[in-house]
J.: 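So that we are looking at the same thing, I have put the structure below in structure tokens.
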Amino acid sequence: MRNYLRFLRRCAGVSLQGDWRYYTWIGVLGLLCVVGLNAYAKQFVAGLITTGMSDQVSWGVFIANFTFLVGMAAAAVMLVIPVYIYKNEDLHDLVIFGELLAIAAIVMCLAFVTVDLGRPDRFWHLIPGIGKFHFPGSMLSWDVLVLNGYLLLNVYICGYLLYCRYQNRKPAKALYLPFVFIAIVWAISIHTVTAFLYVGLGGRPFWNSPIVGPRFLASAFTAGPAFVILALQVIRRATSAPAEAGPLAANGAVTPPVPTRSRAATLADLERLASCLPEIATVAVEERRAFLRDATVLTVPTGGILLHQGETDNDAFFVLQGRIVVKRKEGPRVRITRDVGPGEQFGEVSALTGAARAATASAEVPSEVLCVPAPALRRLMRNPKVNEIVTWRMTERLMIADHSLLILRSIVQVSMIINVFLLANELFTAFYNSNREEISWRYLVVGLRGFHALVPWFWTSVTLNLTALTLLVLPLSRNLKWLNVACVLCIFGIWIEKGMGLVIPGFIPTPIGEMVEYLPSRNETFICVGIWAFGLLCFTILLRMAVPILQGKLSRWNEA
Amino acid sequence: MDPRKTTLTLAVLTVLFLGLAVVFFRTPARPERIFQAALVPSDALAIVPDTIRISAGRLVSSGGDASGLQCYACHDKKSPPKIVYDANHHVVLPKEHRDLIYSMRNCAECHPANDPVKLEYDADNNVILPKAHLRLGEMAHGSVLRNEDCYTCHDPNQLDQLHTAEGTRLTLDNATLLCAGCHGTTYRDWQAGAHGRRSGYWDQSRGELLRQGCTSCHDPHAPVFTPLIPMPGPHALHARN
Amino acid sequence: MPATEPTPPLSSGDGISRRSFLRVATALSAGVAAMAAGLAPLRKLEHYSSVDEFLQKHYLDLNPAEMKRVLARIEDEVQRQYKIRPHVRDFRPMNGVEFVYALNLSRCVGCRKCVHACVAENNQSRNPEIQYIRVLKMPNDGSFDMDKGDTNYAPKAVPEAGSFYMPVQCHQCKNPPCVKVCPVKATWQEPDGITVIDYNWCIGCRYCEAACPYFARRFNFTAPSIPADKLNPNMSYLGNRPRSKGVMEKCHFCVQRTRDGRYPACVEVCPTGSRKFGNILDPNSEVSYILKNKRVLILKEELGTLPRFFYYFDV
């Protein structure tokens, strides 16, 4: 328990550190949060009359944002499915980012729902047992359950995995794998339940259609991964620095390496390794001797380089003592992919796959490492326990390869195709016949009885979505610049489609035919901006804590 | 890491936060009352559950001016008044009865008290009768046969009472049975409660159920309802709508 | 450590100098001050809730002693706000009673006296304006399509030629969509058919307003304002006691009158007698007669709400 508190304290501490860019970002978000808080205080005093809502349009941008963000939270699972069901290891290190995004998104959802309530002090009426929880009759009660459950699930999974990484321990499968699979199902359910909020209302024909649920999921799985693509690139950029002169110069030239001493490995070295990598102890003694024939121990002073990015030697390394930092050069920038201590490995990926070195490893402090050639490593990995730990640790690096982004691109691509197709279905059903029930569609697309406030919104969203779709389908979007453009278009197009294009038209005209339009008020907009800023702030701080842990820079080895 | 840039950033942020704090503190929390409707207040008088017309019976029992109902103050018992017809052979109601007819109408049914009536005068300083009142004082009972004989309903031998086709005598406040003679289906509905307004207690074990006779709502000389002035409709919450 | 080693923006460990800690702490404190100042509008918050009201149980869970205390508290609150001591009672449903409403479309002239009688009787907010009843002016062209209706008609006199008038209010449905969607069961159907709201339990999520197919429910977007001289002091807990901001309200068939055996205000004031109300379980009531003998119709039958509000014609 004490260790855990120390872990939390260090996390809190690291979240307050950064350079001026970090402080600017956090500061601006903080300013927007405070403005939003003030706007909400005004709303709390005067009531919801400070918004643009009325009896005729009784839900507005608060619920629109809520709907959009539930989709974002659900889409985090789009990273989990390829990794855990299709065993696509490329995305493994990115699962945490998706789940952190889900946490931030759910926090925003809960905030949006709270500010929309007329009597938020009476939230306790929702608590089963103490209040009167209308489950399973009311879809809103389902939503309360699944959203809070999803939040707890993700907080638990992320917290557990990050803490294990911090403790340099392999997570126990039983403690997280079942929850991951539950989270996959749960993610689909949070968005389906939110869709059912609308679909279940017979009195609102615009919503009372079976296609609304699939449309929700399709648009969520477009916007969510699109946001993740953008966020990952931001993380990639934020975790790297311009390469400076030094052992790793900008043009790739390397200054003469500081001399490294090497000697043959002994049983005693293996014992040392076993003390910080217990799985080694399962190796039989004869095997150890065979293993030692090929292994060497290298002693490196601070700054000594052990492998170079781009080279094709195939040794793997285990750290016996000290700390090794693994840095990858990406264009003009350098980032730390790993920071390893005793018992941890590096270089094993290219050793096992034969690929060129992805990064350069150098010693942060005077260190001793065990150098293992690839064949020896493979022999060692015939031991199941060693295999397990080495395979697990292969994923513990902050790579964010372009390849991963392209996998996400495929997800966005397919989802957007489905999304546009479903919209086409809706439009055909609405306009082919002169069905009186589809009158809200008429209002949205072409205007009705002289009211046409939403028409520009609809056509903007269609344009954005179709442009994004075109870009995504073309190979042009394999280029990251164009992919980013497509992602931004996706996010805005789907935000409009789900927000102004789905929540508001359901109310216009009213069930008895009145036409009253809706426009968010200034106060309402400030509150929305404030909550978005708060969500981004949460996401930033969670990343600020998670990234060093994933890199290995924040671990129990360097508790001061 | 450039410590100077960091210090500058943090300093700027500090100043911005403090400035924002000052602004918040000094800005009064005036709730944006987006729409102040100039509403026509619901007028108590116009929504009092009174009927359009006061029947003869109620006029008497409420202590109103029933002098107009003293027929033999002006008429001779031996000779019933002659019916006057106009060029189209339509009955002309005697203008001597006009005050009585007007006094039996509930003005508040059409005129809310907060919307005072403006009188209009002609060149000779006589009040111009508004179009809506032109039907008052007209004889317009029926559109085909038009009831062009006062003594269909009024008893010529006893002017202050009515008589049915077969000769049954009815007092003026018992006119319902007379109406039933021709309007049977409406009378049947009225008895069951489907026609005409009911007020008071639906649960008669707790109080009295009040029914209105035919003449409480319908002027027997011109039974069709005069159009009413409608009360104000709904106002939108926000001004722009 | 070589001085020129490239360091990424994220530093390791907690090695934070006192000076940088002070800088961050200062900015953070300014942020907290801004946050506290941001809450300044709350100074103007007037009587949001008392402890008793906050902890009050659901209406259906209150025992008689607790209900008595609640009623006394409400009377105190109303007196404090309006300087008039009301009489707040808790009317219970009567046995053997199911209320049904019938409206004669041949007779309604669209004068809206029902709307304003309801406003006066049920202490509805005048500004912003809340009206439970909406009168639709419909064209007499053979359709009942409510999209053709107009709620804002304001001619010199009604009825207008070529139109008929259809007032709409809560239909107290047998299968109410609003009751189904309320997440806290703040609205429910009573044994005598009236769908009621516990104003002290409602959390103001407005899901019921979205669910109602008849636009029957109203929300208090701000504190309701009732002129003190127009306050109706004969109140009931589930009916016409003044509501607070942030809660829903709707027509409740004048529960303070009907459960005392009287007609609702809209029925009493209608000058043409179009509105009919009574106990459908009583074979001699006017509503039983109407449902047996007249051609009745209900709105939006395809939604399966089974309303207790029937429109009929004279023949």
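A, B, ... follow the sequence lines: proteins, then strands. Residue 1 opens every chain. FYI, side chains are in, hydrogens and waters are out, and symmetry mates aren't considered; it's all heavy atoms of this structure. Everything quoted here is computed from the prediction, not taken from an experiment.
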J.: State, with a plain yes or no, whether a side-chain heavy atom of Val181(C) is found less than 4.5 Å away from one of Leu197(A).
T.: no
J.: Considering residues at least two apart in sequence or located in another chain, which fulfil the side chain to side chain donor-acceptor pair (under 3.5 Å) criterion with Tyr132(C)?
T.: Arg243(C), Glu249(C)
J.: Can you tell me if His134(A) uses its side chain to pair, donor with acceptor, with the backbone of Val184(C) under 3.5 Å?
T.: no
J.: Does a side-chain heavy-atom distance below 4.5 Å link Pro177(C) with Leu201(A)?
T.: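 They are not in side-chain contact.
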J.: Under 4.0 Å between a side-chain nitrogen and a carboxylate oxygen: does that hold for Lys132(A) and Asp61(C)?
T.: yes
J.: Using atom types as modelled and distance alone, determine if a side-chain donor or acceptor of Ser58(A) lies under 3.5 Å from a backbone N or O of Glu209(C).
T.: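 It does not hold such a pair.
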J.: Using non-hydrogen atoms and a 4.5 Å limit, figure out which bit of Asp145(C) sits close to chain A: side chain, backbone, both or neither.
T.: side chain
J.: State whether Tyr48(C) and Arg119(A) meet the cation-pi test: NZ (Lys) or CZ (Arg) under 6.0 Å from the six-membered ring centroid, and within 45° of the perpendicular axis.
T.: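 So Arg119(A) does make the cation-pi contact.
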J.: Pick out which of Asp121(A), Leu140(A), Leu126(A) makes a side chain to side chain contact (heavy atoms under 4.5 Å, CB included) with Ile203(C).
T.: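 The side chain to side chain contact (heavy atoms under 4.5 Å, CB included) with Ile203(C) is passed solely by Leu126(A) among Asp121(A), Leu140(A), Leu126(A).
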J.: For chain A, which residues from residues 136-144 of chain C have at least one heavy atom closer than 4.5 Å to it?
T.: Leu136(C)
J.: Could you look at Lys245(C) and say if it's the side chain, the backbone, both or neither that has a heavy atom under 4.5 Å from chain A?
T.: both
J.: When you measure from the side chain of Arg122(A) to the backbone N and O of Cys202(C), does any donor-acceptor pair fall under 3.5 Å?
T.: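 It does hold such a pair.
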